Structures are given as structure tokens and as C-alpha cells.
Amino acid sequence: MNGESIPAKELNITLPDQTKKTYRTGITACEILREIGGKSPGNILAVKVNGMPVDINRPLTEDAVIELITFLTREGKEIYRHSTSHILALCVKKLFPDARLAIGPAIEDGFYYDFDLKRSFTQEDLEKIEAGIMEIIDSDIPFVRKEIRREEAIELFRKLGEPYKVEILEDIADETITVYQQGDFIDLCLGPHVPSSGKIGAVKLLSIAGAYWKGDEKRPMLQRVYGTSFPDKSELDSYLKRLEEIKKRDHRRLGRELDLFSISDDIGPGLVLWHPKGAVTRRIIEDFWKDEHYRADYEIVYSPHVAKLDLWGRSGHLDFYRENMYAPMKIDEVEFELKPMNCPFHIVIYKSHIRSYKELPIRWAELGTVYRYERSGVLHGLLRVRGFTQDDAHIFCMPDQLEAEISGALDLTLFILKTFGFDKYEIYLSTRPEKYVGTLSNWEKATSALERSLKERNLPYQTDPGEGVFYGPKIDIKIKDVLQRAWQCTTIQVDFNLPERFDITFVGEDGKEHRPIMIHRALMGSLERFFGILIEHYAGAFPLWLSPVQTIILPITDREREYSKEITERLRRAGIRSSLDDRNEKVGLKIREATLNKIPYMLIIGAREVKDNTVSIRKRSGEDLGVKKIEEIIDILKSEIGARLTT
RNA sequence: GCCGGCGUAGCUCAGGGGCAGAGCAGCUGAUUCGUAAUCAGCUGGCCGGAGGUUCGAUUCCUCCCGCCGGCUCCA
């Protein structure tokens with residue numbers, strides 16, 4: 001590289017199949033692969049040299065272990081999409097020479113590139129760019145890696161009129177900078193890349209969106225082009241199909257189609273109306289939640305929706321949470337505030353009388369409805385709202401009870417999440433940030449208590465150093481849905497701050513006052529959000545125990561109406577949510593509508609069933625379960641409901 | 001909040017300075033039917049809101065509201 005002559009030397013290379021060979025210095029992985037043949041080198045995007053991903057045509061200068069990188073690996077996808085984003089940039093520069101380049105990384109399932117351009121991209125531009133990209137791919141332009149000095153690079157990009165690149169360079173400490181050249185296009189990049197644009201198979205540009213430079217809203221708004229790429233058209237197609245599937249599962253669409261909830265302009269943004277059908281499922285969730293909390297030795301409390309502003313001053317929320325709170329309202333010359341959290345209320349209950357160590361731990365749970373101001377641009381169906389009900393609880397305990405309490409909360413949440421059909425998680429442990437309250441020894445104790453609880457349960461987790469809240473360390477759990485999307489639900493947070501601020505105490509064995517530790521925890525997070533996730537997870541086809549309507553009775557003609565009413569009544573008396581469709585319509589239509597409404601079981605009644613005192617039963621999947629006595633059906637359904645089956 | 005896109009019937013969507021449209025849904029009637037759509041008729045609209053341009057605005061312009069995709073944060 002750079003024309004320097006490399007001293008001739010023998011290199012010991014360990015090939016991907018573990019055989020060892022010697023080569024001359026300066027040989028590239030590409031040449032070696034071509035020589036040994038074997039696996040088709042066309043699939044090889046890059047190689048790992050001694051564990052480091054590098055370009056396939058980078059000369060080797062020392063003994064190395066070589067591994068292959070293909071699209072099948074995570075690194076391979078990243079290199080592939082990253083290269084595609086550079087091709088996108090090349091194309092945009094060609095079509096829009098005054099566009100300035102920002103950054104263009106690979107992301108999950110694709111890539112993006114940020115541009116600064118006077119006018120905004122249109123849908124038509126996107127199509128034009130996509131066509132241009134295909135041309136670049138067809139002309140198979142190589143990615144050429146170059147190393148230049150930092151000063152040189154800054155000069156280069158300054159001359160090219162790329163201020164964002166210059167800014168990036170100014171933040172880089174290294175003296176040697178890598179750039180990649182494709183034709184006459186040159187971009188700052190660490191690499192590696194695929195050897196040439198021809199490696200890219202199928203590309204689709206997906207959307208255009210605004211994005212601030214470096215995510216900072218005080219900096220310029222750039223235009224972000226999102227896209228994805230795959231080696232094969234069929235893989236791209238199945239990815240696009242997956243996007244369709246996600247769209248079909250969108251809880252906002254299903255919420256309307258299944259008449260579960262709505263958000264009305266007349267009420268206000270981010271405020272949810274639960275329709276009767278959604279309310280049924282919510283009630284089931286709440287009842288289950290309450291039962292399990294009683295079983296886990298929690299007590300249920302209730303608190304008002306508003307409180308004096310002073311309370312929020314004392315709690316500290318006015319200092320660090322104000323921009324998320326609704327504006328106060330003046331009542332009889334006193335300012336009141338809609339609550340964004342439940343904790344201060346539970347603390348005031350705690351303070352209502354002197355507490356003895358014998359009472360601890362105290363576990364108070366509340367389905368508490370809170371209101372938080374969210375910026376209009378972030379609201380999203382049920383997943384991001386301004387009024388929501390948390391499945392909240394606060395545990396007051398002594399330091400030596402902390403670990404048992406965290407363990408208890410973990411067990412409870414895993415049981416509850418599993419019951420709803422979520423058994424895959426991403427777990428995060430967030431530790432002490434730079435700004436914190438409480439003593440170092442308490443932080444250490446609490447953090448190791450959280451850690452031990454996770455380890456004891458063999459729960460894999462990721463540590464986020466310094467990501468804890470200022471008042472204590474926490475565990476966050478994201479659940480994975482059917483489509484493997486992760487959703488943040490559970491949070492278990494230790495709090496050293498509020499007990500201090502409200503000066504809450506308990507009387508110890510020694511007769512002296514001591515400070516309890518507080519744990520905040522929400523398991524489902526919020527009922528609204530959790531319901532939204534449930535809808536998408538099940539694509540609206542809830543398991544029997546959660547279905548708003550569990551069975552629908554479909555008489556074939558008017559002559560079966562009386563018998564059908566009787567059957568409906570019997571099901572209802574057995575506690576099964578049943579409705580009767582006795583409209584004068586063909587049974588085919590009734591089945592179609594019941595199927596679209598995702599009602600788990602359809603009971604069809606014709607003359608034969610009346611005569612034999614039976615019912616014909618069919619699942620929403622189309623599966624025909626045949627003819628059965630109503631007693632048997634009730635038994636089947638009740639056991640399925642009782643077991644809370646999720647399949 | 002910011003950037004971009006979009007607001008026409010309950011839903012999905014045409015239309016484009018001069019009478020407001022379709023399919024589905026809804027209503028009425030007929031049909032009494034066996035496992036995913038029976039037929040016919042009818043109803044339904046401040047074309048998101050306010051202002052402006054114009055003889056005339058749902059259409060063009062401005063502002064506002066809302067929704068959608070992102071940016072930051074988070075349940």
C-alpha cells in the first residue's frame with residue numbers, strides 16, 4: 001500500500017479449514033482463497049485476520065489465522081449493508097452533487113445514510129436513486145482502501161466541501177485515517193467493505209426521515225434515507241413480506257378492526273379510550289395481576305390522580321421531571337398537579353404512622369394511572385401515550401432484605417410474563433452513573449444484590465455501566481414477541497433517594513430509627529403498552545383466557561334460535577364469554593365474520609344438533625372439532641381457560 | 001418540539017377551480033340456507049379547522065389541529 005515496498009518474508013497462515021500454509025508477504029486473503037478453491041469465494045464478503053475483520057484484498061503482512069465472513073454472520077450482514085450505504089452515498093452524490101455527506105452505518109436489518117441537502121428528497125427521488133444504485137452494482141466498481149494522514153484527510157474533505165466529514169475527523173485521535181474510494185467518490189470509513197459493488201444483490205430504499213446531526217436537536221436536521229440489502233432477491237422479498245406481516249399486526253389497525261380501543265381527537269393525543277372488548281381483556285389482566293400479587297404477599301392500595309404541587313417539590317420531581325409533567329392547576333389558591341408517578345403517594349401512606357422493623361418488608365401495589373407530557377412527535381398508538389396505568393409497586397425493606405425482595409420481584413415478573421406467552425427476554429443491569437445519591441457502600445450492596453438474583457436464576461443479562469438512574473441501580477427486562485421484536489416492560493429499581501427526601505424511617509430492634517430502602521417495580525410496565533404488545537404478539541387472536549369473546553353460537557336457521565339461546569345461556573352460566581349470532585344470515589357469512597373477529601371457538605347449530613342435543617364446534621383456525629355434547633364443550637373450554645393456555 | 005409525508009362517508013381509497021364518487025360497512029326488504037362473503041333497494045359528507053386568492057375553492061396560498069415515518073427520551 002502507498003507504494004512502499006514490503007520486505008519479502010514468509011508468512012505462516014492458518015486457513016479457515018485449520019490447515020497451515022506459508023505464503024509470501026503481501027499476499028491477500030482473496031488470492032489465497034482463489035488458490036485453494038474450495039468454498040465458492042463469491043460468498044466471501046471479507047475475512048477475519050487474527051480476529052479482526054478486514055477487506056478480502058488487504059495484503060497480509062504477518063502470520064495470521066484467517067476466518068471467512070459471509071452474509072450468514074452478523075458481521076457479514078453489517079459489512080454488506082455498510083457497503084450498500086456507501087453505494088447509496090456514491091449514487092446520491094452523482095445525482096445531487098450539492099448533497100453533503102454525514103454518516104451511513106449499518107443498522108439492524110438494513111442501513112441508512114444521512115445527507116444535508118437544500119431541498120428534500122421525494123418518493124420519486126428515492127426511486128431514481130434506487131435505479132442508480134442498481135447501475136452502480138452492475139458496473140461492479142471496486143472499493144479501494146487507502147490510508148492517509150489525518151491532516152491530509154481533513155484537507156481532502158474540506159476541499160470536497162464535506163463539513164460533516166471534517167467534523168468527524170476532528171474528533172478522531174488517530175494520525176492515520178482510512179478512506180475508501182469508489183470511482184471518483186471518496187468517503188471516510190474504517191471499513192471493511194465488500195471488494196466491489198457487484199457483490200451486492202438486491203437493494204431496496206425504504207423511507208426518508210429527518211434526523212438531527214449527531215442526534216442533537218440543536219444541530220442541523222439532516223435527511224436520512226433508510227434501506228436494506230440482501231445477496232438474493234428472494235431474501236429481500238421475504239424481508240419485505242415480514243414488513244407486511246408487521247403492518248398487518250399493527251395494534252392500531254387491529255385495535256380499530258377488533259373494536260378494542262381508540263384514541264380520539266375529541267379527547268386528546270395520547271389518551272386512550274378502552275372499548276368494551278378491550279376492557280374485557282384489560283379486566284382479565286388486572287384480575288390475574290391482583291390475584292398473583294395477593295399470592296406474592298403484596299397489599300393493594302389506591303391513590304388519587306392529583307396532588308398538591310408541594311408533594312412533587314418534596315419528591316424532587318419538580319427538579320428532574322418537570323418537563324414531563326402536565327402544568328399545575330390552581331384550586332382554592334393552591335396548586336395541584338396531575339400525577340406522573342405513584343411513588344410519593346405510597347410514601348405518604350408509609351408515613352401515616354410509625355413503622356416497626358417487624359412490619360418490613362412492606363409491599364404495596366397499585367394499578368396507578370399516571371399522566372406524563374410526551375412530545376407530540378413521539379406518541380404512538382398504545383405504545384407511547386400521555387395517560388397510562390402502571391402496574392406499579394413499592395417495596396420498603398431493610399438493607400438485608402433487599403436481595404430477597406429483588407428475587408421475589410424477578411420471580412413474580414417472570415411468572416406473569418410467561419403466563420402471557422412471553423418466555424424470551426433481554427435483561428439489562430444498569431449500574432451507578434456519575435451523578436448519584438446515596439452511599440457507595442449502599443450502591444455496591446444493591447448492585448450486587450441485583451446481580452446475584454439474576455445469576456441465581458441463570459438469567460443471561462447485559463451490564464450497562466453507568467446507565468442506572470441517579471437514585472439507584474436497576475434491572476430492566478425486554479420481552480421478545482413472536483416476531484423477535486424486543487419490548488421494554490419490566491423495570492426493578494432500587495431507590496436510596498426518596499426515603500431520604502421524605503425522611504421515612506422504621507424503628508429497629510434496637511429501638512432506634514433506621515432508614516428503609518425502597519424498590520420501585522413495574523412488571524408489565526403499563527397496561528396500555530402491554531395490551532398493545534399483546535395485540536401485536538398474537539396478531540389480535542388472543543388465547544382463549546384473554547379473548548374478549550370466547551365463543552360465538554351460530555344457528556343455521558331461525559328454527560334453531562331457541563336451542564341456541566339455551567346453549568348461549570349455559571355457556572354464560574359456566575363463566576364462558578359467549579355471544580349469539582342469530583341474524584338471518586347464511587352460516588358461511590357468520591363463520592367468516594367470526595373468523596375475522598378472531599373469536600376462538602364457533603359453535604354451529606343446525607337441525608341435526610337440535611335433534612341430538614349436541615353442538616358442532618370449530619376453531620377460528622378452521623379446524624373442525626366435530627360434534628359434541630355441550631357439557632363436554634364446557635369442560636374443554638374451562639380447562640383451556642383454567643390452564644391459561646397460550647397456544 | 002423538529003424534518004418529511006398525509007388528512008375526501010364508519011373503513012379502504014378515487015377525483016382535482018364550476019352538481020361530491022366507488023367498494024366494504026350501516027339501514028330496509030326479500031331469502032330460512034350446513035362450515036370464510038345470498039340478492040335488491042336506500043341512507044350516509046362543513047372534502048380536518050380558520051383565514052386568503054377568485055365571479056366561484058374540496059381543489060391554489062398561509063396559519064393552526066391531527067395522524068404517519070424518523071430524530072431525543074422513555075412504561
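Since we're looking at a predicted model, the values are computed, not measured. In what follows, every chain begins at residue 1, and chains take the letters A, B, ... in the order their sequences are listed. The figures that follow rest on heavy atoms only: side chains count, while hydrogens, waters and symmetry mates do not.
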- Does A:Ser207 or A:Leu382 map to a spot on RNA chain B nearer the 5' end, using the closest nucleotide for each? A:Ser207
- Side-chain donor or acceptor of A:Lys474 paired with backbone N/O of A:Val469 under 3.5 Å: no
- Query: Between B:C33 atom P and A:Ile556 atom CD1, what is the distance in whole Å?
  - Reply: 10 Å
- Query: Does NZ or CZ of A:Arg219 come closer than 6.0 Å to the centre of the six-membered ring of A:Tyr212, within 45° of the ring's axis?
  - Reply: no
- Of all the choices, B:G34, B:C73, B:G1, which nucleotide is nearest to the side chain of A:Glu609 once you look at every atom? B:G34
- Residue A:Tyr212, side-chain heavy atoms: nucleotide from B:C2, B:U72, B:A36 that is nearest: B:C2
- Item | Row check, A:Phe345 ring normal vs A:Lys339 NZ/CZ: under 6.0 Å, within 45° | yes
- Message: Could you tell me if A:Arg242 sits above the aromatic ring of A:Tyr239, with its cationic atom closer than 6.0 Å to the ring centre and no more than 45 degrees from the axis?
- Response: no
- Task: Specify the separation, in whole Å, of atom CD of A:Glu467 and atom C1' of B:U72.
- Result: 14 Å
- Query: Any side-chain N or O of A:Tyr112 under 4.0 Å from OP1/OP2 of B:G69?
  - Reply: no
- Message: What's the gap between B:U53 and B:C61 when it is taken at their P atoms, as a whole Å value?
- Response: 15 Å
- Any Lys/Arg nitrogen of A:Arg485 or A:Glu108 sitting under 4.0 Å from an Asp/Glu carboxylate oxygen of the other? no
- Heavy-atom closest pair (A:Ile605 atom, A:Ser564 atom, distance to 0.1 Å) is CD1-OG, 3.6 Å
- Task: Give a yes/no answer on whether the side chain of A:Arg592 brings an N or O atom under 4.0 Å of OP1 or OP2 in B:C24.
- Result: no
- Item | Any donor-acceptor N/O pair, A:Arg249 side chain to A:Ile535 backbone, under 3.5 Å | no
- Query: So does A:Arg559 get a side-chain nitrogen or oxygen closer than 4.0 Å to the phosphate oxygens (OP1/OP2) of B:C33?
  - Reply: yes
- Considering only heavy side-chain atoms of A:Asp558, the closest of B:G70, B:U32, B:G34 is B:U32
- Query: Taking OP1 and OP2 of B:G70, is either one under 4.0 Å from a side-chain nitrogen or oxygen of A:His380?
  - Reply: no
- Give the rounded distance in Å between these two atoms: CD of A:Glu323 and P of B:C2. 17 Å
- Item | Span that lies between the C1' atom of B:A57 and that of B:U8, in whole angstrom | 14 Å
- Query: A:Phe388 stacking on B:A75: centroids under 5.5 Å, ring planes under 30°?
  - Reply: yes
- Establish, with yes or no, whether the OP1 or OP2 oxygen of B:U12 is under 4.0 angstrom from a side-chain nitrogen or oxygen of A:Arg256. yes
- Query: Can you tell me how far P in B:A14 sits from the matching atom in B:A30, rounded to whole Å?
  - Reply: 38 Å
- Going through the distances and angles, do A:Arg583 and A:Asp558 end up as a salt bridge (Lys or Arg N to Asp or Glu O under 4.0 Å)? CA-CA 8 Å; A:Arg583 292 173 305 164; A:Asp558 287 351; over 6 Å; no
- Query: Using the C1' atom in both, what is the distance from B:G7 to B:U59, to the nearest Å?
  - Reply: 14 Å
- Item | Of residues 523-533 of chain A, the positions that come close to RNA chain B - non-hydrogen atoms, cut-off under 4.0 Å | A:Gly525, A:Ser526, A:Arg529
- Query: Within this structure, what is the CD-to-P distance between A:Glu585 and B:A37, rounded to whole angstrom?
  - Reply: 12 Å
- Item | Nucleotide of B:C65, B:C71, B:A75 approaching A:Tyr226 most closely (side-chain heavy atoms) | B:C71
- Is there a side-chain polar atom (N or O) of A:Arg618 under 4.0 Å from OP1 or OP2 of B:A36? yes
- Message: Can you identify which nucleotide, out of B:G1, B:U35, B:C3, has its nearest atom closest to the A:Tyr373 side chain?
- Response: B:G1
- Item | B:C60 and B:G5, which share atom name P, separated by this distance in whole Å | 14 Å
